[in-house]
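No hydrogens, no waters, no symmetry mates; every other heavy atom, side chains included, goes into these values.
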Amino acid sequence: MKKFTQHLSIGAYHTNQYAQVSVSSLFNFMLEAAWLHAQVMEWGYEDLKTNNMFWVLSRVYIEFESYPKWQDEIELETWSAGTDGMYAYREFILRDQAGDVILRANTAWLILDVESKRIFRLRELKDSFPRLEGVQVCRQPKRIKPEGRAEELVFLPVRFSELDINRHFNSVKYIERVLDHFGIDYLNEHELESLEVNYLKEGLAGDCLAVNTKLLNEQAFLSTIVRESDDVDLCCVKTNWRTRKS
């Protein structure tokens, strides 16, 4: 199985106040490339829909070397990284105009039945998701365990703009809520060095969600998205930070 490559231009609408591409834009680039490559592999959205199934992003691990800026030209590559019977792994690498690596990522995906939400086992289909031999950009994403609750949580409703094509709380919106929770002052001084996410439950219209964050060390935090109605964690997010580069 060959790599899937996209050449992208950073528009103003992809950037933050520092003219750097935002984390959510990078996440969206990766997701769109994954959908497009799955379509080429004949395992895309429409292919699964005909069999009453759909893809779900379950785990993500990303390392950020640097952040491209407005008007930069970048190259995004993605490829199948094999299966373990339940997860289909997909890796990504992003390069700048000089060919230097600026992002490495490994993701784990599930196929679910639309009605029962049962996981479709991939053991018999492992040949459909072969690992690209001799390539591994970073480690696989790991399981993250939630830890405790803050004394006071601020719950906000799921908005129309936060729902995806499956009518679920969009996977990128989880990231945006967690990052925004750190506040402008912290984000003005720090940028992400790595990000790890476990998606646990689906958020829906009508849910009210809060961000719960715990300090792990000076550079690392563990955050969860909590649903008010049943006090369930919908996702866990580990963030590692460095001082923002000028």
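- Distance OH/Tyr199 to CZ/Phe169: 9.5 Å, rounded to 0.5 Å.
- For Asn198 against Lys142, the heavy-atom pair with the smallest separation is ND2-O, 3.0 Å.
- The number of heavy atoms from other shown groups lying within 6.0 Å of CD (Glu115) does not exceed 12.
- Under 3.5 Å, the side chains of Trp241 and Glu193 contain no donor-acceptor pair of N or O atoms.
- With 3.5 Å as the limit, one finds a donor-acceptor pair spanning the side chains of Ser9 and Glu73.
- The same ILVMFWY cluster, assembled from side-chain heavy atoms under 4.5 Å apart, contains both Leu110 and Val114.
- A salt bridge links Arg227 to Asp230: at least one charged side-chain nitrogen sits closer than 4.0 Å to a carboxylate oxygen.
- Across Tyr67 and Leu192, no two heavy atoms sit closer than the pair OH-O, 2.7 Å.
- The line from CE of Met41 to CD of Gln39 is 12.5 Å long, rounded to the nearest 0.5 Å.
- Interatomic distance, CG of Asn240 versus NE2 of His190, reported as 12.0 Å (0.5 Å rounding).
- By the 6.0 Å contact criterion, NZ on Lys145 is open, its count of non-hydrogen atoms from other residues, nucleotides or ligands being 12 or less.
- Within a 6.0 Å sphere centred on CD1 of Ile165, other residues, nucleotides and ligands contribute 12 heavy atoms or fewer.
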Stepwise side chain to side chain contact (heavy atoms under 4.5 Å, CB included) test for Ser58 and Tyr87: CA-CA 8 Å; Ser58 181; Tyr87 294 112; 3.4 Å; yes
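- Using a 4.5 Å heavy-atom cutoff, the side chains of Thr15 and Gln20 are not in contact.
- Remark: side-chain polar atoms of Asn166 are not paired, donor with acceptor, to backbone N or O of His168 under 3.5 angstrom.
- In this structure the side chain of Phe155 reaches within 4.5 angstrom of the side chain of Leu153, judged on heavy atoms.
- Take Arg59 and apply the salt bridge (Lys or Arg N to Asp or Glu O under 4.0 Å) test, not counting sequence neighbours, and it matches no residue.
- Between the CD atom in Gln6 and the CZ atom in Phe92 there is a gap of 10.0 Å [rounded to 0.5 Å].
- With a 4.5 Å cut-off on side-chain heavy atoms, Cys236 and Leu200 count as touching.
- The side-chain heavy atoms of Asp207 and Glu228, taken from C-beta on, include no pair separated by under 4.5 Å.
- The nearest pair of heavy atoms linking Ser66 to Pro68 is O-CD, 3.9 Å.
- Ion pair Glu196/Arg139 flagged as a salt bridge, since at least one NZ, NE, NH1 or NH2 atom sits closer than 4.0 Å to an Asp/Glu carboxylate oxygen.
- Tyr89 and Asp84 share a donor-acceptor pair across their side chains, judged by distance under 3.5 Å alone.
- The hydrophobic cluster containing Leu36, built from Ile/Leu/Val/Met/Phe/Trp/Tyr side-chain heavy atoms closer than 4.5 Å, also comprises Phe4, Val40.
- Checked by atom type and distance alone, the side chain of Ser25 pairs as donor or acceptor with a backbone atom of His14 at under 3.5 Å.
- Using a cut-off of 4.0 Å between Lys/Arg side-chain N and Asp/Glu carboxylate O, Glu162 and Arg177 are scored as salt-bridged.
- Around CZ of Arg143, the count of heavy atoms belonging to other residues, nucleotides or ligands within 6.0 Å does not exceed 12.
- Criterion: ILVMFWY side-chain heavy atoms under 4.5 Å apart, direct or through other members. Under it, Ile10 and Leu31 are part of a common hydrophobic cluster.
- Looking at heavy atoms from C-beta onward, Leu163 lies out of side-chain contact with Asn170 at the 4.5 angstrom threshold.
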Set out, in order, the CA-CA distance, both residues' side-chain angles and the distance that settles ring pair (Phe, Tyr, Trp, His ring centres under 6.0 Å) for Phe221 and Phe182, then state yes or no. CA-CA 10 Å; Phe221 296 82; Phe182 284 89; 5.0 Å; yes
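- With a 4.5 Å cut-off on side-chain heavy atoms, Ile74 and Leu76 do not count as touching.
- Salt bridge absent: Arg244 and Glu189 never bring a charged side-chain N and a carboxylate O closer than 4.0 Å.
- Across Ala81 and Glu91, no two heavy atoms sit closer than the pair CB-CG, 3.7 Å.
- A side chain to side chain contact (heavy atoms under 4.5 Å, CB included) with Glu176 holds for exactly one of Leu179, Val172, Val178; it is Val172.
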His37 and Lys3: side chain to side chain contact (heavy atoms under 4.5 Å, CB included), yes or no, with the steps? CA-CA 9 Å; His37 192 206; Lys3 294 181 180 180; over 6 Å; no
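- One distance of note links CD1 of Ile93 with CD of Glu65; it measures 9.0 Å at 0.5 Å rounding.
- Listed here is the closest heavy atom pair of Ile62 and Ala105: CG1-CB, 3.9 Å.
- Nearest heavy-atom pair across Leu195 and Phe64 is CB-CE1, 3.9 Å.
- Using modelled atom types, one finds a donor on one side chain and an acceptor on the other under 3.5 Å when comparing Tyr61 with Glu63.
- For the atom pair Lys238 NZ and Leu216 CG, the distance stands at 6.5 Å (nearest 0.5 Å).
- Counting only heavy atoms from C-beta outward, the side chains of Arg149 and Thr224 approach each other to under 4.5 Å.
- Linking Ile, Leu, Val, Met, Phe, Trp and Tyr residues whenever their side-chain heavy atoms come within less than 4.5 Å leaves Val23 and Tyr18 in two separate clusters.
- In the hydrophobic cluster analysis, where Ile, Leu, Val, Met, Phe, Trp and Tyr join through side-chain heavy atoms closer than 4.5 angstrom, Val211 is grouped apart from Leu222.
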Worked verdict on Met86 versus Ile119 for side chain to side chain contact (heavy atoms under 4.5 Å, CB included): CA-CA 7 Å; Met86 181 170 68; Ile119 298 171; 3.8 Å; yes
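- Annotation: side chain of Arg90 is in contact with side chain of Thr78 (closest heavy-atom distance under 4.5 Å).
- One N or O on the side chain of Asn28 and one on the backbone of Ser24 form a donor-acceptor pair closer than 3.5 Å.
- Residues Asn106 and Gln140 have side chains that never bring a donor and an acceptor to within less than 3.5 angstrom of each other.
- Screening Val237, Leu234, Val197 for a side chain to side chain contact (heavy atoms under 4.5 Å, CB included) involving Tyr174 leaves a single residue, Leu234.
- Clustering ILVMFWY residues whenever any of their side-chain heavy atoms sit less than 4.5 angstrom apart, transitively, puts Ile225 in a cluster other than the one holding Ile144.
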Please determine whether side chain to side chain contact (heavy atoms under 4.5 Å, CB included) holds for the pair Gln219 and Arg242, giving the CA-CA distance in whole Å, both sets of side-chain angles, and the decisive distance to 0.1 Å. CA-CA 7 Å; Gln219 289 82 32; Arg242 61 182 174 235; over 6 Å; no
